[in-house]
Peer 1: 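Pasting a structure here, questions to come.
The model shown is predicted, which means the values in this text are computed figures rather than measured ones. Quick note: numbers below take in every heavy atom, side chains included, and nothing from hydrogens, waters or symmetry partners.
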Amino acid sequence: MRELPQKEANLFREILKCFELKQYKRGFKGAEQILKKFPEHGETLAMKGLFYNHMDKKEEAYEHVKKGLRFDLKSHICWHVFGLLYRSDKNYEEASKCYINALKYDKENIQILRDLSLLQMQMRTLDAYIETRHHLLELRPQNRQYWVAVAIAYQLSGKPELGVKVLTTYEETLKDIPSTPDYEHSEMLLYHNTLLEETGDIQAALDHLDTIEKHVCDRKAIKESRAKYLFALGRLQEAEAEYRSLLAVNPDNMAYFEGARKSLGLDGDQLTAEKEVKVLALFRELQGDYPRSNAAKRLPLRYATEEAFVKIADEYLRNMLRKGVPSLFVNIKTLYTDIEKEKAVEKLALGYLAALDKSKGFDHSGSAVEPPTALLWTLYFLAQHFDFKRNTDQALEYINRAIEHTPTLVELYMTKGRILKHAGDHVGAMAVLNEARELDLQDRFINTKCVKYMLRADKMAEAEKTVVMFTRADIANPLNDVVDMQTQWYSLEAGESNLRQGQIGRALKRFHQIEKHFNDYSEDQFDFHTYCLRKMTLRAYVSMVRLEDQLRSHPYYVRAAQSAIRCYVTLFDKPEGADTEEMEGMTEAEKKKYRSKQRKAELKAQQQEAEEKKKKAAASAETAKKAGASGAAAAVKVDEDPEGTKYTKCEDPLGEALKFLKPLQDLAAERIETHLMGFEIYIRKNKLLLALQSLLKAFKLDASNATLHEQLVRFALAVQKAGDSLKPTVKSVIDKHWDTLYQSHGKDLSAFTAAFLERSKDQGSVPDLISAAIAVSLVDPANNKAKAEDMLFLTVDDRGNKYVRTRSLDNCLLARKTLKSLRSSRVQEFTAKAAEWYPRANALQS
């Protein structure tokens, strides 16, 4: 039953208008009016369900829409409404199926086609998106948005030449071209030009640029594109002229300087003596043209060598220290990849300090007296320099002198905190950063830094109290505001702190928060699929879409995913929970007793915390009520699972780990850590071919990786253990790739590890040494324990040891952890020796 009498039909049209105008209550009443007379009218039932959905009544919404479909299965409105319902729940796949069904009964419905195209773009089903956009273009060829959308569809599917054809055809149909630059038309022309560039026809792109120049508003984009095209075509003199004109507009843009340099044929970082002279002459000329440009003064340091470098660095450092530029060391430290330049900078800075102490100038001539702050910034620079070299004692000596000179400068305390952090003294670093925070309580940045250091010192309670100082004051649980604001650094640092403390549930909760933030970022792009086409911000739109496609390769997501995978792997290995520092060396019975005692203490603490939260919530609600706040504002969001129990009680930890791994395999495949983590999951699932695939990918990226060697040994042992139970097809694939991974050593794992150990000795690599020790213990646990212990002790051996160069605090902690896993009786001895190297490290004082 679809046809309604005239009166009800008019009312139904009003209902549709109410939905478009977001007048949901009025529309709901109209739907009820119709249903009193026609209770089986499918389209009205569907619309009533849609109104329920916007009134946050999901169950009633689905019930009414499905009921409406049963009564009118061939109604495009019912199917469209069902799709809208799924879309509101982010179920795009089901929504698109509903739209496709709707189009069966109304093939030319513009609104349904548009909604379908949005879903296809969101899901990146580009072939279907092209087809839908072509259909829309055929129905409305006079609409510019539809032409542009087809061009974008072709570009994103890797066919920019077809996009060029579409835009060229559209531009030929234009009759009224704006006589003065019009923003929307200008953006379309510039987008057309970027398409031509993507086709690889640079000459055509340059010719097109000349044609459209008078119609374009963005003059800078025209100049940048022309300079780039001229350089690509080898017209270097013209390219240089363009880059020089760009420098006149922005003399601090590094890319313009580099473009001018390369246009003179002086490309490459390693220059001949002749080219070096020419580059330095170019920058002297540019410094004369733009005397206030910092880039013109900084870039010559990259290319100058020997005496020329010393002369330029001397002038640059003096000028910056005289001005008191806090970021001087950050600008300079990229030069430290060249040892000679590092030594030259150190010699200059130490010379300045000696001269300032004696004659208050940068040299001993006494001809010029520098301002008193020059001494301060020289000390500050030297502290950062020696911290970079991990010479903690000297770095602290200089920073303490700087603090004595000016005890109210926040940057000094931040640098001291960083020095202590690098030395492993996270508690001391936290104390210094807190002192800095108290110097300026209005500074959000220093507050944030202080919270980070608190979390790295595993002082969770202090961190929570400090971070909420810059959240809203009118809510009961300010920490919820930190999460709502998508403060990823906090979730990440807090999660890693929880993980270090063995609180896997809390850690997973934090890492899942980060995953949710990235899901939100993906969802947020939905509205831009229409907005950007309407506003013609086409270049920015394509850039955004490509960014969204690579979103989960962001370092924050990668770190969170790696940590979450470690948590789930630990849950699989030890369902009772991870071993803490106190549990190291205990028997299984002792561990069980310890965990039981710990659970009782945690339960008691949780009950006390819940009671405190209830009291705070009640007090906050009362305060909000007195202040005249609405019920919604007074409502308190309660955390039902503060311990993250739902994550620790999951039935399939490895399946959950795979959910984090999959995006990394797609978007961070160039990182070896992705494939090393993949191996850890697949070997536990006994998926030997997938584990082999991970090893092959990791081997291709870095065959000498230390962790990879350990995993290769574990894989070989797993294959040996499987023996005859391996399927012939699986065995044949493994045999095919065996020589690639194990080379000439075949099945002899002892010889394989011995060769790896020899290489680690040659290179003096501590990570390789630790991996070899683990491998030795795996190959023959009964007889090789003492050998593995001796190998691990080489990491903290006397200073003549060849491993000194690659020794670090993290490596020493890893070696100690390995000793504990071997149940070695020499752990305390190792800790004492490591503490001689890193006396300030908190982790070595327990």
Peer 1: Which heavy atom of Ile683 sits nearest a heavy atom of Ala718, and at what distance?
Peer 2: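 Answer, listing the atom of Ile683 first, then Ala718: CD1-CB, 4.0 Å.
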Peer 1: Could you go through the side-chain contact (heavy atoms from CB on, under 4.5 Å) check for Leu353 and Arg401 one step at a time?
Peer 2: CA-CA 12 Å; Leu353 180 62; Arg401 273 193 65 188; 4.1 Å; yes
Peer 1: Does a donor on one side chain and an acceptor on the other come within less than 3.5 Å for His385 and Tyr336?
Peer 2: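 Present: a donor and an acceptor within the cut-off.
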Peer 1: Would you say the side chain of Asn705 lies within less than 4.5 Å of the side chain of Leu676, judging by non-hydrogen atoms?
Peer 2: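 In contact.
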Peer 1: Using atom types as modelled, flag every donor-acceptor pair under 3.5 Å from a side chain in residues 655-663 to any protein atom, sequence neighbours excluded.
Peer 2:
unit_1: Glu656; atom_1: OE2; unit_2: Lys659; atom_2: NZ; d: 3.2

Peer 1: According to the interplanar angle, ranging from 0 to 90°, do the rings of Phe715 and Trp738 count as parallel (below 30°), tilted (30 to 60°) or perpendicular (above 60°)?
Peer 2: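 Ring orientation of Phe715 relative to Trp738: tilted.
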Peer 1: Looking at CH2 of Trp837 and CG of Leu844, how far apart are the two atoms once the value is rounded to the nearest 0.5 Å?
Peer 2: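 Here the rounded value is 13.0 Å.
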Peer 1: Indicate yes or no: at least one non-hydrogen side-chain atom of Phe679 is less than 4.5 angstrom from one of Leu692.
Peer 2: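 They are not in contact (no side-chain heavy atoms under 4.5 Å apart), so the answer is no.
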Peer 1: Kindly say whether Lys820 contributes a backbone atom to a donor-acceptor pair with the side chain of Arg823 at under 3.5 angstrom?
Peer 2: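 Not at all, since once roles are kept as given, no pair shorter than 3.5 Å links the two residues.
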Peer 1: Is there a side-chain contact between Tyr742 and Val713 (heavy atoms, below 4.5 Å)?
Peer 2: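 Answer no - side chains too far apart.
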Peer 1: Is it true that Asp735 and Lys731 make a salt bridge, defined as a side-chain N closer than 4.0 Å to a carboxylate O?
Peer 2: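 Salt bridge flag = yes for Lys731 with Asp735.
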Peer 1: Check the pair Asn434 / Arg437 against side-chain contact (heavy atoms from CB on, under 4.5 Å), numbers first and verdict last.
Peer 2: CA-CA 5 Å; Asn434 196 49; Arg437 182 185 66 81; 3.0 Å; yes
Peer 1: Measure across Cys650 and Tyr568 and return the closest heavy-atom pair with its distance rounded to 0.1 Å.
Peer 2: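 Minimum heavy-atom contact is SG-CE2, 3.8 Å.
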Peer 1: Is the shortest distance from a Lys or Arg side-chain nitrogen in Asp780 or Lys785 to a carboxylate oxygen in the other one below 4.0 Å?
Peer 2: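 Here Asp780 does not pair with Lys785 in a salt bridge, since their nearest N and O are not under 4.0 Å apart.
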Peer 1: For the pair Thr818 (side chain) and Leu814 (backbone), establish whether a donor and an acceptor sit closer than 3.5 Å, ignoring hydrogens and angles.
Peer 2: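 Side chain of Thr818 to backbone of Leu814, a donor-acceptor pair under 3.5 Å: yes, one is there.
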Peer 1: Between Gln384 and Lys333, is there a side-chain heavy-atom distance shorter than 4.5 Å?
Peer 2: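 A side-chain contact is absent here, since even the closest heavy-atom pair is not under 4.5 Å.
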Peer 1: Might you point out which heavy atoms bring Ser491 and Gln513 nearest each other, and give the distance in Å?
Peer 2: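 That would be OG-OE1, 3.0 Å.
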Peer 1: In terms of the angle between their ring planes, are Phe518 and His554 parallel, tilted or perpendicular, with boundaries placed at 30° and 60°?
Peer 2: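 Rings of Phe518 and His554: tilted, 30 to 60°.
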Peer 1: Side chains of Asp458 and Ser497: donor-acceptor distance under 3.5 Å anywhere?
Peer 2: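 Distance-only check passes for Asp458 and Ser497.
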Peer 1: Between Leu508 and Ala564, which heavy-atom pair has the shortest distance, and what is it?
Peer 2: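 Taking Leu508 first and Ala564 second, the nearest heavy atoms are CD2-O, 3.9 Å.
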Peer 1: Applying side-chain contact (heavy atoms from CB on, under 4.5 Å) to Thr392 and Asp387, what does each step give before you reach the verdict?
Peer 2: CA-CA 6 Å; Thr392 304; Asp387 177 45; 5.7 Å; no
Peer 1: Quick one: do Ile332 and Thr334 satisfy side-chain contact (heavy atoms from CB on, under 4.5 Å)? Show the steps, please.
Peer 2: CA-CA 6 Å; Ile332 288 292; Thr334 54; over 6 Å; no
Peer 1: Side chain of Thr674, backbone of Glu670: donor and acceptor closer than 3.5 Å?
Peer 2: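 No: the side chain of Thr674 does not pair with the backbone of Glu670.
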Peer 1: What closest approach, in Å, do Ser777 and Ala788 show between heavy atoms, and which atom pair accounts for it?
Peer 2: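 Looks like CB-CB, 4.3 Å.
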Peer 1: For Lys341, is the NZ atom crowded, meaning more than 12 foreign heavy atoms sit under 6.0 Å from it?
Peer 2: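 Yes, NZ of Lys341 has more than 12 neighbouring heavy atoms, counting only those of other groups under 6.0 Å.
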Peer 1: Closer than 4.0 angstrom, basic N to acidic O: yes or no for Glu411 and Arg418?
Peer 2: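 Answer for the salt bridge query: no.
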Peer 1: Have Ser563 and Arg566 got a donor and an acceptor in their side chains that come within less than 3.5 Å?
Peer 2: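 Ser563 vs Arg566: donor-acceptor pair found between side chains.
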Peer 1: Would you say the rings of Tyr647 and His512 are close, in the sense that their centroids are separated by under 6.0 Å?
Peer 2: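 Yes, the ring of His512 comes within the 6.0 Å limit of the ring of Tyr647, centre to centre.
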Peer 1: Taking the six-membered ring for Trp and the single ring otherwise, decide whether the centroids of Phe388 and His422 are under 6.0 Å apart.
Peer 2: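 Ring centroids of Phe388 and His422 are no less than 6.0 Å from each other.
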Peer 1: Roughly how far apart are His709 NE2 and Leu712 CG, rounded to 0.5 Å?
Peer 2: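 Taking NE2 in His709 and CG in Leu712, the distance rounds to 7.5 Å.
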Peer 1: Do Asp393 and Arg840 have side chains that approach each other closer than 4.5 Å (heavy atoms only, starting at C-beta)?
Peer 2: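 Yes, at least one pair of side-chain atoms sits under 4.5 Å.
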Peer 1: In plain terms, say whether Arg510 and Glu493 are close enough for a salt bridge, that is, a side-chain N and a carboxylate O under 4.0 Å apart.
Peer 2: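 Salt bridge between Arg510 and Glu493, a charged N being under 4.0 Å from a carboxylate O: no.
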Peer 1: With no hydrogens and no angle check, just 3.5 Å: does a side-chain donor-acceptor pair link Gln394 and Asn391?
Peer 2: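 The answer is yes; a qualifying pair exists.
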Peer 1: Check this for me: does any side-chain nitrogen of one of Glu710 and Arg714 sit under 4.0 Å from a carboxylate oxygen of the other?
Peer 2: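 Arg714 and Glu710: salt-bridged.
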Peer 1: Could you give the distance from CG (Asn498) to CE (Met460), rounded to the nearest 0.5 Å?
Peer 2: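 Result: 4.0 Å between the selected atoms.
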Peer 1: When you compare the side chains of Glu789 and Ser824, does any donor N or O come within less than 3.5 Å of an acceptor on the partner?
Peer 2: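 Yes - a donor-acceptor pair under 3.5 Å links their side chains.
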Peer 1: Honestly, is Arg552 close enough over Tyr557, meaning NZ or CZ under 6.0 Å from the six-membered ring centre and within 45° of the axis?
Peer 2: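 The answer is yes; both the distance and angle limits are met.
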Peer 1: Cut-off 3.5 Å, side chains only: do Glu680 and Gln711 have a donor facing an acceptor?
Peer 2: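 Per modelled atom types, Glu680 and Gln711 side chains form a pair under 3.5 Å.
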Peer 1: If only side-chain N and O atoms count, and only distance matters, is there a donor-acceptor pair under 3.5 Å linking Ser808 with Asn811?
Peer 2: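 On atom types as modelled, these side chains qualify, holding a pair under 3.5 Å.
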Peer 1: Just verifying a value: how many Å separate Asp748 CG and Phe752 CZ, rounded to the nearest 0.5 Å?
Peer 2: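 The distance works out to 11.0 Å.
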Peer 1: Got a second to check how far Leu696's CG is from Gln693's CD, nearest 0.5 Å?
Peer 2: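 Taking CG in Leu696 and CD in Gln693, the distance rounds to 8.0 Å.
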Peer 1: To the nearest 0.5 Å, tell me how far Thr645 OG1 sits from Lys509 NZ.
Peer 2: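 Going from the OG1 atom of Thr645 to the NZ atom of Lys509 covers 9.0 Å.
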Peer 1: Do the non-hydrogen side-chain atoms of Asp790 and Arg826 ever get within less than 4.5 Å of each other?
Peer 2: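 SC-SC contact between Asp790 and Arg826 confirmed.
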Peer 1: Under a 3.5 Å distance rule, please check whether Asn842 uses its side chain to pair with a backbone N or O of Val427 as donor and acceptor.
Peer 2: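 Yes: the side chain of Asn842 pairs with the backbone of Val427.
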Peer 1: Is it the case that the side chain of Ser725 and the backbone of Ala722 share a donor-acceptor pair, with hydrogens and angles ignored and the cut-off at 3.5 Å?
Peer 2: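 Between the backbone of Ala722 and the side chain of Ser725 there is a qualifying donor-acceptor contact (under 3.5 Å).
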Peer 1: Is Ser821 close to Lys817 at the side-chain level, that is, under 4.5 Å between some pair of heavy atoms?
Peer 2: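 Sidechains of Ser821 and Lys817: no contact.
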Peer 1: Do Arg671 and Leu664 make a side-chain contact, defined as non-hydrogen atoms from C-beta onward lying under 4.5 Å apart?
Peer 2: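 Heavy-atom side-chain distance check fails, nothing below 4.5 Å.
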Peer 1: Taking salt bridge (charged side-chain N to carboxylate O under 4.0 Å, His left out) as the cut-off, I'd like each qualifying pair that reaches into residues 693-708, sequence neighbours left out, listed once.
Peer 2: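 Checked against salt bridge (charged side-chain N to carboxylate O under 4.0 Å, His left out) - neighbours excluded - no pair reaches residues 693-708.
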Peer 1: Give me the atom names and distance for the closest heavy-atom approach of Ala402 to Leu412.
Peer 2: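 Closest approach of Ala402 to Leu412: O-CD1, 3.4 Å.
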